[in-house]
Student: 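Take this structure, written in structure tokens, and hold onto it; I'll ask about it next.
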Amino acid sequence: MEGSEHKNPVGIIGSGSFGMAIANLLAENVDVLLYARREEVRLAIEKREGRYSVLSPRIQAVSDLQLVAQKCQLIFPIVPSQAFRSMMKQLSPYLNPTHFLIHGTKGLDLQDLPQGQSLHPEHIKTMSQVIEEESIVCRIGCLSGPNLSKEIMEGQPAATLIASPFTEVIKAGQAVLKSNRFQVYGDHDIIGAELAGALKNIIALAAGILGGKGLGKNLWALLVTRGLSEMIHIGKAVGADVKPFLGVAGIGDLVATASSENSRNYKAGYRLGKGETLDDIMETSTDVIEGVKTLETIRALGAHLGITTPIVEIVYRVFFKKMPVDNAIQFLITYPYAVDVDFLP
């Protein structure tokens with residue numbers, strides 16, 4: 001599965017903004033099957049109507065998961081985390097050990113808990129762990145990095161990270177994605193890359209709130225710096241290494257999503273900072289805001305593990321307890337951090 005030798009089409013499962021962006025990148029090198037769950041969406045893609053008019057002619061829309069699995073050895077599942085396990089249950093019967101799956105979902109899977117049972121780390125899964133649990137595929141990777149869909153669709157230069165325990169998965173992803181405008185790095189710590197991609201969404205929500213309030217870069221820089229520290233502490237607590245958080249999947253993705261109105265999480269925070277309610281934001285957003293669900297999950301996990309995560313806690317209170325933003329900012333400024341960089345040996 002190397003470069004020009006890649007004869008099979010590559011599959012994308014998910015026709016949202018990021019799925020479309022990755023499909024267009026792939027289409028510079030290979031033919032693409034783009035799976036859309038709803039038939040009306042498949043038809044709109046086929047006719048290149050509306051938002052789908054910018055898709056490459058090398059992209060074929062399909063609504064048959066079995067066809068994707070039969071035609072494509074390499075598949076990129078890119079669906080919201082809340083729907084990921086359900087999608088894998090549907091796809092799994094058609095998969096075999098020769099498939100490569102590289103997901104692009106920056107969220108976490110939270111299993112349903114019996115009433116009264118407290119949250120434990122084993123109840124929270126990354127998407128690679130969901131793939132392992134729901135299929136016989138073992139060659140799994142994740143796509144993570146500063147990949148704002150709108151900029152990619154506009155043809156702007158960008159980079160990403162493919163993380164996988166398997167070098168052949170990294171090389172396969174690089175072969176089909178890399179181009180003159182898209183750099184693809186590799187790393188073997190998949191759990192660290194997945195956690196970095198999910199956790200930075202929380203900080204992006206907070207950064208959006210600051211933007212909505214019209215606050216400047218000094219406070220933004222403090223938030224992003226201390227937010228990165230919290231991301232690393234959470235990652236280390238569940239067994240991840242520090243390294244992915246200091247690369248494109250961590251600080252790279254964090255800086256991009258915490259500073260751009262093209263980021264759905266930043267935009268959600270921005271709207272909250274402008275005075276809109278969470279319900280209004282969630283009901284009117286055209287894309288799933290992964291950070292909101294991740295915020296709830298990580299806040300509960302941090303409490304269970306006894307990790308001090310003041311930014312996670314304060315963002316949770318603003319979003320779900322209607323804490324005044326001015327009070328939250330005061331909390332951030334006056335919180336008694338003892339050490340600046342406290343996550344390196």
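As the structure is a computational prediction, the values presented were derived from the model and not from experiment. The figures here come from the full heavy-atom set of this structure, side chains too, leaving out hydrogens, waters and symmetry mates.
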Student: Answer yes or no: is there an ion pair linking Asp189 with Lys243, defined by an N-O contact shorter than 4.0 Å?
Tutor: no
Student: Looking at Arg38 and Glu40, does any basic side-chain N land under 4.0 Å from a carboxylate oxygen?
Tutor: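 Yes.
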Student: Are Leu228 and Lys200 close enough that some pair of their side-chain heavy atoms sits under 4.5 Å apart?
Tutor: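 Not touching, per the 4.5 Å side-chain cut-off.
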Student: Hey, does Ile152 have a side-chain heavy atom less than 4.5 Å from the side chain of Phe182?
Tutor: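 A side-chain contact under 4.5 Å exists here.
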Student: Taking the side chain as C-beta and beyond, is there a heavy-atom pair between Val30 and Leu74 under 4.5 Å?
Tutor: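 A side-chain contact under 4.5 Å is absent here.
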Student: Check whether Tyr270 and Ile281 end up in the same hydrophobic cluster, where Ile, Leu, Val, Met, Phe, Trp and Tyr are linked by side-chain heavy atoms less than 4.5 Å apart.
Tutor: no
Student: Does the pair Asp280/Arg271 count as a salt bridge with the N-to-O cut at 4.0 Å?
Tutor: no
Student: Can you name the one residue among Glu28, Glu151, Glu154 that meets salt bridge (Lys or Arg N to Asp or Glu O under 4.0 Å) with Arg181?
Tutor: Glu28
Student: As a test of understanding, state which of Leu199, Ile234, Ile298 forms a side-chain contact (heavy atoms from CB on, under 4.5 Å) with Thr309.
Tutor: Ile234
Student: Is there a side-chain contact between Met127 and Ile140 in this structure, where contact means two heavy atoms from C-beta onward sitting under 4.5 Å apart?
Tutor: no
Student: Could you tell me whether the side chains of Ser92 and Glu134 share a donor-acceptor contact shorter than 3.5 Å?
Tutor: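 Checked: Ser92/Glu134 side chains show no N/O donor-acceptor pair below 3.5 Å.
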Student: Using 4.0 Å as the upper bound for N to carboxylate O, is an ion pair formed by Glu46 and Arg42?
Tutor: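 Here Arg42 pairs with Glu46 in a salt bridge, since their nearest N and O are under 4.0 Å apart.
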Student: Is Ile12 reachable from Ile45 through a run of I, L, V, M, F, W or Y residues, each pair having side-chain heavy atoms under 4.5 Å apart?
Tutor: yes
Student: Which pairs pass ring-ring contact (aromatic ring centres under 6.0 Å, His included) with one or both residues in residues 10-33, sequence neighbours excluded?
Tutor: none
Student: In chain order, what residues pass the side-chain hydrogen bond (donor to acceptor under 3.5 Å, both in side chains) check against Ser81, with sequence neighbours excluded?
Tutor: Glu290
Student: Other residues, nucleotides and ligands only: do more than 12 of their heavy atoms fall within 6.0 Å of CZ on Phe166?
Tutor: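 Yes.
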Student: Any side-chain heavy atom of Leu67 within less than 4.5 Å of one from Tyr35?
Tutor: no
Student: With a 4.5 Å limit on heavy-atom distance, are the side chains of Asn29 and Val10 in contact?
Tutor: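 Side chain of Asn29 against side chain of Val10, heavy atoms only: no contact under 4.5 Å found.
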Student: Within the supplied structure, the quantity of interest is the number of heavy atoms (other residues, nucleotides, ligands) at a distance under 6.0 Å from Asn180 CG; does it exceed 12?
Tutor: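 Atom CG in Asn180 is not packed in, count stays at 12 or less.
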Student: Around Arg37, counting heavy atoms of other residues, nucleotides and ligands shown, do more than 12 lie under 6.0 Å from its CZ?
Tutor: no
Student: In terms of hydrophobic clusters joined by side-chain contacts under 4.5 Å, are Ile191 and Leu161 together?
Tutor: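 Different clusters.
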Student: Using side-chain hydrogen bond (donor to acceptor under 3.5 Å, both in side chains) as the criterion, list what pairs up with Thr257, not counting sequence neighbours.
Tutor: none
Student: Are Ile209 and Ile329 side-chain neighbours, meaning at least one heavy-atom pair lies under 4.5 Å?
Tutor: no
Student: Which of these, Lys293, Arg85, Lys125, Gln129, sits in a side chain to side chain donor-acceptor pair (under 3.5 Å) with Asp109?
Tutor: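 Among Lys293, Arg85, Lys125, Gln129, the one that satisfies the side chain to side chain donor-acceptor pair (under 3.5 Å) with Asp109 is Arg85.
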Student: Are the side chains of Leu95 and Ile75 in contact, using a 4.5 Å heavy-atom criterion?
Tutor: yes
Student: Ser17 and Arg264: side-chain donor and acceptor closer than 3.5 Å?
Tutor: no
Student: Are side-chain N/O atoms of Ser263 and Asn265 paired as donor and acceptor at under 3.5 Å?
Tutor: no
